[in-house]
Amino acid sequence: MNRKTLVLPAVVGLLAPVLAACGSTDSGAGGTGAIVVGTTDQLVASAENPAPLDPAIGYEAGVWNVLRQTVQTLTAVPNGGGEPAPEAARSCTFTDTENESYRCTLREGLTFADGTPVTAEDVKHSIQRVIDIDSDSGPVGLLSNIDTIETKGDDQVVFHLKTPDATFPYKLATPAAGIVPKAQYPAKSPREGFQVNGSGPYTMKPQVEDGRVVKITFSKNPSYKGELKVLNDKVEMDLFVDAEAMGKALDEKKIHMMTRAMSPEQARDMLVSPKEGIELTEMPGLAISYLGFNTKDPVVNKAVRQAMAQIIDRGEIAGKVYGTTAEPLYSLIPSSISGHTNAFFNKYGEPSTTKAEATLRDAGIKTPVKFTLHYTNDHYGSATAKEFKAIQQQLNSSGLFDIDVQGTEWSKYRPEQKRGDYAAYGMGWFPDFPDPDNYTAPFLDKDNFLNSPYRSREAQNVLIPQSRREADRTAAAATYEKLQDIVAADVPVLPIWQGKQYVASRDGIAGVEHSVSATSELQLWELHRPGA
């Protein structure tokens with residue numbers, strides 16, 4: 001996710017056209033037509049990113065939630081979790097004992113939605129272009145271990161990897177490896193605009209206003225061949241400026257379901273005072289929130305980062321800011337993922353100003369330490385500003401820090417963060433796949449998601465490659481324990497909380513509990529009307 005983000009525009013004036021789109025007579029929640037789903041994800045084209053829905057470019061949860069409905073991948077993680085199974089492929093397997101060569105055979109008669117056959121060359125083209133385009137903010141890191149891609153006839157693809165990687169089938173299940181028509185997607189450049197063409201369960205038609213998507217209509221793809229059972233004929237996704245506008249549309253029966261991202265206040269209010277005709281569904285969540293650092297900036301040297309880890313009270317932040325929608329996190333790996341340890345709690349224990357002061361004093365750091373803590377004010381939901389004010393208050397009340405906080409719009413924030421303009425900043429992570437590798441390698445490997453200068457030779461050269469050799473993922477637990485201990489000791493990132501997911505829906509819609517995965521993936525094909 002990391003991927004994984006949602007974007008909330010700050011322009012309140014956009015509310016009117018979005019709500020107008022939701023109120024059409026054939027798409028309202030009271031009819032028998034399309035099922036209407038609300039989201040606060042935003043899809044915006046700009047000079048910096050004219051191709052937000054190209055699989056080689058888009059690396060946000062909102063983008064991937066569109067791609068998952070429209071493009072197929074060779075493998076897919078079954079609903080409810082487990083090892084990836086064939087999807088566009090009829091079979092996939094490692095062909096060697098070292099997990100360095102992976103072969104997939106396509107399903108017979110597989111076609112794109114327009115009837116064009118899907119061939120092995122399409123698969124090779126789709127994945128190779130992600131590597132060749134090498135988008136600065138794209139998902140190329142997931143595929144960077146591919147050495148060469150070989151095709152055999154029209155239906156076989158063989159991936160030769162640079163190093164062993166038992167997690168590769170999971171990576172092929174992500175939209176980064178989505179299969180698109182070779183004739184419609186350039187090999188060396190992005191495909192601009194918002195149209196997506198593939199062989200997935202739906203076709204899509206976006207409604208665009210001022211370079212921003214306000215609605216997407218997903219129609220069942222009659223040519224789809226795969227393991228998914230599509231239980232509806234049409235789903236409309238309406239994009240709202242914030243959770244409040246989305247909630248209002250649900251109350252007014254303009255949408256059937258509100259998904260990403262309900263506010264903590266909305267979830268709390270619905271838990272305390274349920275609304276007639278509306279059901280709140282709690283689902284497991286694997287999203288995390290954390291602080292990142294430019295470890296080359298001397299103002300946030302290792303001792304300063306350790307002192308912050310010693311002071312910040314995660315339980316207070318989760319409880320007071322997010323309530324039932326979050327819980328404190330003491331590792332990059334969430335507690336519900338195999339291999340998790342409470343590495344930060346094991347090292348630092350309960351919050352302690354006294355211990356933090358000793359850490360800074362021993363390192364010869366003059367206090368109070370002054371710098372600006374940055375966050376994005378339009379990307380992770382309305383509670384983000386409250387979270388960072390709480391962190392500021394905890395650090396400053398210790399007397400050891402003098403922290404300012406500053407919110408910035410995501411379109412500016414992300415490029416500045418990747419350039420290293422911020423000494424300290426807040427980020428979130430929605431996993432690409434439910435494996436501990438996806439909570440460690442994206443932050444610790446050479447081509448990491450944050451473009452962080454931090455390097456641990458042991459992590460990068462020994463532990464990450466070692467963990468990927470284990471086909472039995474539970475056998476890698478000891479390796480992940482060492483990785484988590486390294487993060488707790490060096491604090492290149494500082495985990496804060498892990499989230500839960502809530503979805504609100506109106507009566508008359510079934511399949512809601514299966515429509516969002518633990519990794520925040522929308523699975524719109526699960527929605528249906530009872531008896532339909």
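For the numbers below, each heavy atom of this structure counts, side chains included, while hydrogens, waters and symmetry mates do not.
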**Request:** From the options V213, L43, D41, select the one residue that forms a side-chain contact (heavy atoms from CB on, under 4.5 Å) with V66.
**Result:** L43

**Fill in**
The residue among F168, Y102, F94 that forms ring pair (Phe, Tyr, Trp, His ring centres under 6.0 Å) with F159 is F168

**Request:** Identify the residue among N438, V493, L332, L286 that makes a side-chain contact (heavy atoms from CB on, under 4.5 Å) with W429.
**Result:** N438

**Message:** Could you go through N145 and R468, starting from their C-alpha distance and side-chain angles, then the distance that decides it, and tell me whether this counts as side chain to side chain donor-acceptor pair (under 3.5 Å)?
**Reply:** CA-CA 11 Å; N145 194 36; R468 290 173 172 171; 5.8 Å; no

**Asked** K418 side chain to D136 main-chain N or O, any donor-acceptor pair under 3.5 Å?
**Response** yes

**Asked** What do the steps show when you test N65 against E521 for side-chain contact (heavy atoms from CB on, under 4.5 Å), and what is the final call?
**Response** CA-CA 6 Å; N65 277 335; E521 302 165 6; 4.2 Å; yes

**Asked** Does T259 offer a backbone N or O that forms a donor-acceptor pair with the side chain of T39 under 3.5 Å?
**Response** no

**Asked** Can you say whether the rings of F443 and Y290 are parallel (under 30°), tilted (30 to 60°) or perpendicular (over 60°)?
**Response** perpendicular

**Item:** Spacing of CG belonging to D242 relative to NZ belonging to K248, to within rounding of 0.5 Å
**Value:** 11.5 Å

**Request:** Mind listing the closest non-hydrogen atom pair of K220 and P222 along with its distance?
**Result:** O-CD, 3.2 Å

**Request:** Indicate yes or no for a side-chain donor-acceptor contact from D132 to the backbone of K188 under 3.5 Å, with no hydrogens or angles considered.
**Result:** no

**Request:** Please confirm whether the backbone N or O of T203 pairs with a side-chain atom of S219, one donor and one acceptor, at under 3.5 Å?
**Result:** no

**Item:** Short side-chain to backbone donor-acceptor contact, E513 and T281, under 3.5 Å
**Value:** no

**Message:** Whether R414 engages the ring of F449 as a cation-pi pair (distance to the six-membered ring centre under 6.0 angstrom, angle to the ring normal within 45°) should be assessed.
**Reply:** yes

**Item:** Donor-acceptor contact present, side-chain D122 to main-chain T119, <3.5 Å
**Value:** yes

**Prompt:** Does D210 reach the main-chain N or O of R212 with its side chain, forming a donor-acceptor pair under 3.5 Å?
**Reply:** no

**Prompt:** So, the side chain of D445 versus the backbone of N448: is there a donor-acceptor pair under 3.5 Å, distance only?
**Reply:** no

**Donor-acceptor contact below 3.5 Å, side chain Q417 vs main chain L450** = yes

**Message:** Please check: side-chain N/O of S263 versus main-chain N/O of Q266, any donor-acceptor pairing under 3.5 Å?
**Reply:** yes

